[in-house]
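Notes follow the structure.
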Amino acid sequence: MSMLDIKSVDSSYGETQVLFNLSLNIAPGEVVSLLGPNGAGKTTALRSILGLTPPTRGSIYFDGVDVTRLPTHKIAGMGIGWVPDDRRIFPTLTVARNLRIAVKKTRFRAWSDKECFEIFSAMEYLMDRECENLSGGEMQMVAISRALMGAPGLVLFDEPSQGLAPKVVQDVMKTIKRLKDEGVAVLLVEQNVASALAVSDRAYIMKRGRIVHESSAAALRSDASLQRKLLGI
């Protein structure tokens, strides 16, 4: 059974259609990259999964349950974690408080703060600091840890390496590999194509709201001409 199964989804902002017949699936413990140029509809795809931009057509199944018409809080409560591109942590709360309010019970395993410290060792010493006083890299550590502490079966990453130092990017990619080892599914939207393909099992490429290519990550990684053609790199 797929952990995520998107079937022929259209999504719109008002009268402007952004997604066209989007279909993709992710198995438990599989890392899938969703690649494409800016404006291709990648973030809208994530928002549609979460119910923030509800599909106008098609269906979305998470863990075998139809979540197409469910409100966002119920979808998240079933075990979907989200690491948005702007982090969206609570700036006036401490790191510890940001993590505590993310804890919930799902059918999946919950991560502890100590496990998060194993990934992001610096965060252990930031727990009493208000998040508005953190660097961008530190905020990303909190955003990812918050998603893990919500007991996810699927984590959606939206541009997790954006604006980060190379060391933090390495930690983020190590986290994705660990999620895979733990059986957690990952959908990764990322502009750093090389990093994304290095940790992914499969990849989809989007253009203008449509899937235009699907293959194993290894096949796409080894085909420079296809990357140039579809991704401009």
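A heavy-atom distance below 4.5 Å is not found between the side chains of Asp5 and Ile60. Residues His213 and Leu35 are not in side-chain contact: their nearest non-hydrogen atoms beyond the backbone lie 4.5 Å or more apart.
Without hydrogens or angle criteria, Gln162 side chain to Glu159 main chain gives no donor-acceptor distance under 3.5 Å. In terms of modelled atom types and a separation under 3.5 Å, the side chain of Ser121 and the main chain of Phe117 share no donor-acceptor contact. Formation of a donor-acceptor pair under 3.5 Å by the Arg107 side chain with backbone atoms of Gly153 is not found in this model. With Gln17 contributing its side chain and Asp10 its backbone, the two residues share no donor-acceptor pair below 3.5 Å. Listed for the Ser135 side chain is a donor-acceptor partner under 3.5 Å among the backbone atoms of Glu138.
For Arg178, the CZ atom counts as densely surrounded, since its 6.0 Å shell holds more than 12 non-hydrogen atoms of other residues, nucleotides or ligands. Under a cut-off of 6.0 angstrom, the local environment of CG in Asp86 is crowded, with over 12 non-hydrogen atoms contributed by other residues, nucleotides or ligands. Heavy-atom contacts from other residues, nucleotides or ligands closer than 6.0 Å to OH of Tyr13 number more than 12. Heavy-atom contacts from other residues, nucleotides or ligands closer than 6.0 Å to NZ of Lys104 number more than 12.
The existence of a salt bridge linking Asp171 and Lys167 is confirmed by a sub-4.0 Å separation between a basic side-chain nitrogen and an acidic carboxylate oxygen. Residues Lys180 and Glu30 are not paired through a salt bridge, judged by the lack of any N-O separation under 4.0 Å between the basic side chain and the carboxylate.
Under the 3.5 Å distance criterion, with hydrogens and angles disregarded, no donor-acceptor pair is assigned to the side chains of Ser11 and Thr44. No hydrogens or angles considered: a donor-acceptor pair under 3.5 Å links the side chains of Asn38 and Gln191. Side-chain contact check for Ser215 and Tyr204: no donor-acceptor pair (N or O, by modelled atom type) lies under 3.5 Å. Checking Thr92 against Glu132 by side-chain atom types alone, no donor-acceptor pair falls below 3.5 Å. A donor-acceptor contact closer than 3.5 angstrom links the side chains of Asp158 and Thr43. Under 3.5 Å, the side chains of Asn21 and Ser8 contain a donor-acceptor pair of N or O atoms.
Here the straight-line distance linking atom CZ of Arg146 with atom CH2 of Trp82 works out to 9.0 Å at 0.5 Å rounding. Put simply, CZ on Arg87 and CD1 on Ile144 are 9.0 Å apart, with the number rounded to the nearest 0.5 Å. A distance of 8.0 Å separates OG of Ser2 from CG of Leu4, quoted to the nearest 0.5 Å.
Between Glu182 and Trp111, the shortest heavy-atom distance links the atoms CG-CZ2, 3.9 Å. Of all heavy-atom pairs between Val168 and Met141, the closest is CG2-CE, 4.5 Å. Looking at every heavy atom in both residues, Lys42 comes nearest to Leu34 through CD-O, 3.4 Å. Across Met139 and Cys131, no two heavy atoms sit closer than the pair CE-O, 3.3 Å. Considering all non-hydrogen atoms of both residues, Gln140 and Val172 come closest at CG-CG2, 4.5 Å. Nearest heavy-atom pair across Phe108 and Met78 is CE1-O, 3.6 Å.
Both Leu220 and Val193 belong to a common hydrophobic cluster when Ile, Leu, Val, Met, Phe, Trp and Tyr are linked at side-chain heavy-atom distances under 4.5 angstrom. Cluster annotation: Tyr61 is not connected to Leu187 through the hydrophobic network of ILVMFWY side chains, with a link wherever side-chain heavy atoms come within less than 4.5 Å.
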Quiz item: How far apart are the C-alpha atoms of Leu134 and Arg129, what are their side-chain angles, what is the distance that settles it, and do they pass the side chain to side chain contact (heavy atoms under 4.5 Å, CB included) test?
Solution: CA-CA 8 Å; Leu134 302 180; Arg129 188 179 298 182; 3.5 Å; yes
Exercise. Run the numbers on Ile75 and Phe62 for side chain to side chain contact (heavy atoms under 4.5 Å, CB included), then give the verdict.
Key: CA-CA 9 Å; Ile75 295 172; Phe62 169 65; 5.9 Å; no
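Between Glu190 and the options Ser161, Ser33, Ser195, a side-chain hydrogen bond (donor to acceptor under 3.5 Å, both in side chains) holds for only Ser161.
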